[in-house]
Amino acid sequence: MDSQGQTTSLQRLQNVEKRIVKVLELAGGVMDELASPVGPRKDVVQNHCLEFMQLIKDIQVALRDEIKSACEYRPFEKCDYGPRIANEICYQKAEFIMSQLDAMKQTIDEYHAAV
């Protein structure tokens, strides 16, 4: 990922953070309104709740997009280190098994020679 993409991603995440702060402010505003000694103003509570729900949806979409873009970023996708190491391990296992089979064959040959 280039630095431009990283900066853009960071900026989008900062915008999400600002939306989260706004959501908390809205929730606090509703709580203040509900705790008001003269009673809550229905229109204020309704407006805060509508804006709250819209911001929650926006936050979900933004985070989903950021997660998706992060999952698409695979800097080592073309790296063959994993398959090469797996191949080397398999090769060493095969060599070990061959040495064990040679030892077994030698033991069998020695047994037949002694009999």
Side-chain angles (χ1 to χ4, degrees):
M1 190 184 291
D2 59 5
S3 62
Q4 172 98 21
Q6 288 175 342
T7 303
T8 303
S9 179
L10 288 175
Q11 287 172 345
R12 287 190 300 258
L13 288 173
Q14 286 175 339
N15 288 335
V16 167
E17 182 181 19
K18 289 175 186 175
R19 289 184 198 151
I20 291 171
V21 169
K22 178 66 176 169
V23 160
L24 294 173
E25 289 172 353
L26 287 169
V30 169
M31 297 303 290
D32 287 342
E33 197 61 38
L34 291 173
S36 172
V38 294
R41 293 174 291 179
K42 184 179 176 182
D43 59 327
V44 173
V45 171
Q46 185 176 8
N47 288 339
H48 281 356
C49 288
L50 289 173
E51 190 175 353
F52 177 91
M53 291 308 295
Q54 186 58 50
L55 281 171
I56 290 293
K57 288 177 185 177
D58 294 346
I59 290 167
Q60 287 176 331
V61 169
L63 289 176
R64 190 177 306 119
D65 290 345
E66 285 306 308
I67 291 168
K68 184 179 174 186
S69 71
C71 290
E72 291 171 354
Y73 173 63
R74 296 185 181 121
F76 303 109
E77 185 174 7
K78 295 182 181 170
C79 178
D80 66 343
Y81 177 76
R84 282 190 300 124
I85 293 301
N87 188 33
E88 183 66 29
I89 290 170
C90 288
Y91 177 75
Q92 290 176 358
K93 286 179 180 179
E95 281 186 332
F96 177 74
I97 291 170
M98 288 173 46
S99 70
Q100 294 294 313
L101 289 172
D102 287 342
M104 288 172 63
K105 184 180 182 304
Q106 184 179 357
T107 303
I108 291 170
D109 289 344
E110 289 173 3
Y111 174 77
H112 287 299
V115 173

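The structure presented is a predicted model; accordingly, all values stated were derived computationally and were not measured.
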Q: Drop me the distance from S9's OG to Q14's CD, to the nearest 0.5 angstrom.
A: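 One gets 10.0 Å once the value is rounded to the nearest 0.5 Å.
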Q: Would you kindly confirm whether I56 and V16 end up in one hydrophobic cluster when ILVMFWY residues are joined by side chain heavy atoms under 4.5 Å apart?
A: yes
Q: Please report the interatomic distance CE(M53) to NZ(K57), rounded to the nearest 0.5 Å.
A: 6.0 Å
Q: Taking the side chain as C-beta and beyond, is there a heavy-atom pair between E66 and R12 under 4.5 Å?
A: yes
Q: For the hydrophobic clusters of this structure (ILVMFWY residues joined by side-chain heavy atoms under 4.5 Å, transitively), does one cluster hold both V44 and V30?
A: no
Q: Taking N47 for the side chain and D43 for the main chain, is one N or O donor matched with an acceptor at less than 3.5 Å?
A: yes
Q: If I compare all heavy atoms of H48 with all of G29, which pair ends up nearest, and what's the gap?
A: CD2-C, 3.9 Å
Q: If I take atom CD1 from residue I59 and atom NZ from residue K22, how far apart are they, to the nearest 0.5 angstrom?
A: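 Going from the CD1 atom of I59 to the NZ atom of K22 covers 11.5 Å.
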Q: For a quick test of reading the model, state the closest non-hydrogen atom pair linking V45 to E33 and the distance between them.
A: CG2-CG, 3.6 Å
Q: Assess whether side chain to side chain contact (heavy atoms under 4.5 Å, CB included) is satisfied between L13 and E17, documenting all intermediate values.
A: CA-CA 6 Å; L13 288 173; E17 182 181 19; over 6 Å; no
Q: Kindly give the heavy-atom pair with the smallest separation between F52 and V23, and that separation in Å.
A: CE1-CG1, 3.1 Å
Q: Test side chain to side chain donor-acceptor pair (under 3.5 Å) on D58 and Q54; report intermediate values, then the result.
A: CA-CA 6 Å; D58 294 346; Q54 186 58 50; 3.0 Å; yes
Q: Would a hydrophobic clustering, with Ile, Leu, Val, Met, Phe, Trp and Tyr connected at side-chain separations under 4.5 Å, put L50 with L24?
A: no
Q: Answer yes if the side chains of D102 and Q106 hold a donor-acceptor pair under 3.5 Å, and no otherwise.
A: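 No, no side-chain donor-acceptor contact under 3.5 Å.
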Q: What's the separation between atom OG1 in T107 and atom NE2 in H112, rounded to the nearest 0.5 Å?
A: 11.0 Å
Q: Would you say that I85 contacts I89 through its side chain, given a criterion of any heavy-atom pair below 4.5 Å between the two side chains?
A: yes
